Peer 1: 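After the structure tokens below, expect a handful of questions from me.
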Amino acid sequence: MIGLEARGLNYSYGTKQALNDVSFSVSSGAFCALLGPNGAGKSTLFNLLTRLFVAAEGRIVIAGHDLRAAPRAALAELGIVFQQTTLDLDLTVQQNLSYFAALHGLSGRTARRRIDAALDQLNMRERAGEKARALNGGHRRRTEIARALLHDPSVLLLDEPTVGLDAAARASITEYAHALADQNKTILWATHLTDEVRPEDDLVILHRAKVLAQGTAREIAGDQTLQDRFLSLTGEDA
Ligand SMILES: Nc1ncnc2c1ncn2[C@@H]1O[C@H](COP(=O)(O)OP(=O)(O)OP(=O)(O)O)[C@@H](O)[C@H]1O
């Protein structure tokens, strides 16, 4: 089954083409890295997938729902962690999540149950009472991932979620995202760092608005390291 599918997406800012006939699909429950250097078009693609932008042509299907024909059903299956942190720093972890749960129409016992489950999933329950401002970068990211899970989406988009984190926090966030895929969430993980991609991960390489390669990272790397393969495909260092 397909968790996320993009077909024939084009997008331009004036004369600047940011996406050029972009097509790829991610199997349900797979971890897929979207690898591309700065300016490749990753954020533009995320803006189309979340319907912040609407593509004139092409098709996006989220957990079986066409984003154009059935936007509410499609977006209900989508969780998103944006590149910029979007927590209210003056609220506690719990309050940040409660507020978001309310936006999704969750309240009372259901909201509390979902919040506890999401905090447990990210190992953040003991920090529920701390203000977001007091958390380090890794814990803030974990809170944002927990928040993105509250409405139980089947597809989770993460836009360069490790930017600004130290190596230990980076490894830990990557690990949590893989664990979510193991629990059958479909994950699309944008990054410009080849060391965040595991050989068994699905991989889409985006460069200058185009998909250059798609497959497992192992297949795409062939007999090279992924870093060397990426460099030879794009002529850029990752
Ligand atoms: N509002 C805009 N107006 C004009 N050009 C834009 C605009 N936003 C992005 N671009 C251009 O479109 C291309 C794709 O940008 P995009 O932000 O999608 O790439 P990205 O892979 O997410 O890069 P980054 O990692 O730097 O965010 C780049 O060449 C960028 O300069």
Side-chain angles (χ1 to χ4, degrees), residues 4-26 30-62 67-68 74-75 78-87 137-138 140-141 144-145 148 155-167 169-171 173-174 177 186-198 201-215 217 220-221 226-238:
L4 178 65
E5 185 173 19
R7 284 287 148 236
L9 298 182
N10 289 293
Y11 197 86
S12 297
Y13 300 97
T15 56
K16 168 85 199 171
Q17 188 157 24
L19 296 175
N20 182 351
D21 196 20
V22 165
S23 297
F24 66 92
S25 62
V26 187
F31 181 103
C32 180
L34 175 71
L35 179 67
N38 290 338
K42 303 184 297 298
S43 295
T44 304
L45 175 61
F46 270 49
N47 287 341
L48 291 181
L49 295 175
T50 53
R51 218 163 174 259
L52 287 174
F53 297 168
V54 177
E57 340 160 22
R59 184 161 191 246
I60 293 168
V61 183
I62 298 166
L67 186 58
R68 193 187 308 273
L75 292 174
L78 197 66
I80 171 115
V81 176
F82 290 105
Q83 199 174 110
Q84 305 290 339
T85 182
T86 53
L87 295 175
R140 286 186 194 181
R141 272 302 188 211
E144 289 181 305
I145 297 172
V155 179
L156 190 62
L157 309 180
L158 302 105
D159 191 1
E160 304 211 30
T162 60
V163 164
L165 300 183
D166 64 25
R170 227 152 57 79
I173 295 289
T174 315
T186 306
I187 308 289
L188 186 66
W189 172 279
T191 184
H192 60 274
L193 301 167
T194 52
D195 68 356
E196 290 183 354
V197 185
R198 300 179 180 176
D201 289 342
D202 286 340
L203 177 61
V204 173
I205 295 184
L206 189 67
H207 181 58
R208 295 192 184 148
K210 288 189 174 174
V211 172
L212 293 190
Q214 185 179 177
I220 291 173
L226 183 59
Q227 170 82 2
D228 286 347
R229 179 70 180 135
F230 183 77
L231 191 56
S232 63
L233 276 171
T234 63
E236 296 195 33
D237 214 349

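When a ligand or atom number is given, it counts from 1 through the structure's own listing order. Just so it is clear, the values below take in all heavy atoms, side chains as well, and ignore hydrogens, waters and symmetry mates. Quick caveat: nothing in here was measured; it's all calculated off a predicted structure.
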Peer 1: Please could you name the atoms of ligand 1 that Ser43 approaches to less than 4.0 Å, counting only its heavy atoms?
Peer 2: 17 (O), 18 (O), 20 (P), 22 (O), 27 (O)

Peer 1: Taking the inter-plane angle between the rings of Tyr13 and Phe53 on a 0 to 90° scale, is it parallel (under 30°), tilted (30 to 60°) or perpendicular (over 60°)?
Peer 2: perpendicular

Peer 1: Please confirm whether His192 comes under 4.0 Å of ligand 1, counting heavy atoms of the residue only.
Peer 2: no

Peer 1: Checking contacts now, so for atom 31 (O) of ligand 1, which I'm interested in, is there any protein heavy atom under 4.0 Å?
Peer 2: no

Peer 1: Is Gly41 in contact with ligand 1, taking contact as a heavy-atom separation below 4.0 Å?
Peer 2: yes

Peer 1: Nearest non-hydrogen contact with atom 18 (O) of ligand 1 belongs to which option: Thr15, Thr44, Asn38, Leu34?
Peer 2: Thr44

Peer 1: With heavy atoms only and a cut-off of under 4.0 Å, state how Pro37 meets ligand 1: side chain, backbone, both or neither.
Peer 2: backbone

Peer 1: Around atom 24 (P) of ligand 1, find the nearest protein heavy atom and jot down its residue, atom name and distance.
Peer 2: Gly39 N, 3.8 Å

Peer 1: Atom 29 (O) of ligand 1: which protein heavy atom is closest, and how many Å away?
Peer 2: Lys16 CE, 3.0 Å

Peer 1: Checking the N or O distance criterion of under 3.5 Å, is ligand 1 in contact with Ala18?
Peer 2: no

Peer 1: Side chain or backbone of Lys42 under 4.0 Å from ligand 1, or both, or neither, by non-hydrogen atoms?
Peer 2: both

Peer 1: Ile187 pairs by side chain to side chain contact (heavy atoms under 4.5 Å, CB included) with which of Asp201, Val26, Leu156, Asp202?
Peer 2: Leu156

Peer 1: Would you indicate which of Tyr13, Phe53, Phe46 comes nearest to atom 7 (C) of ligand 1 when only heavy atoms are counted?
Peer 2: Tyr13

Peer 1: Is there side-chain contact between Arg229 and Ile205, with heavy atoms separated by less than 4.5 Å?
Peer 2: no

Peer 1: Is it true that Thr194 and Gln227 share a donor-acceptor pair across their side chains at a distance under 3.5 Å?
Peer 2: yes

Peer 1: With a cut-off of 4.0 Å, which atoms of ligand 1 are near a heavy atom of Ala40?
Peer 2: 19 (O), 20 (P), 21 (O)

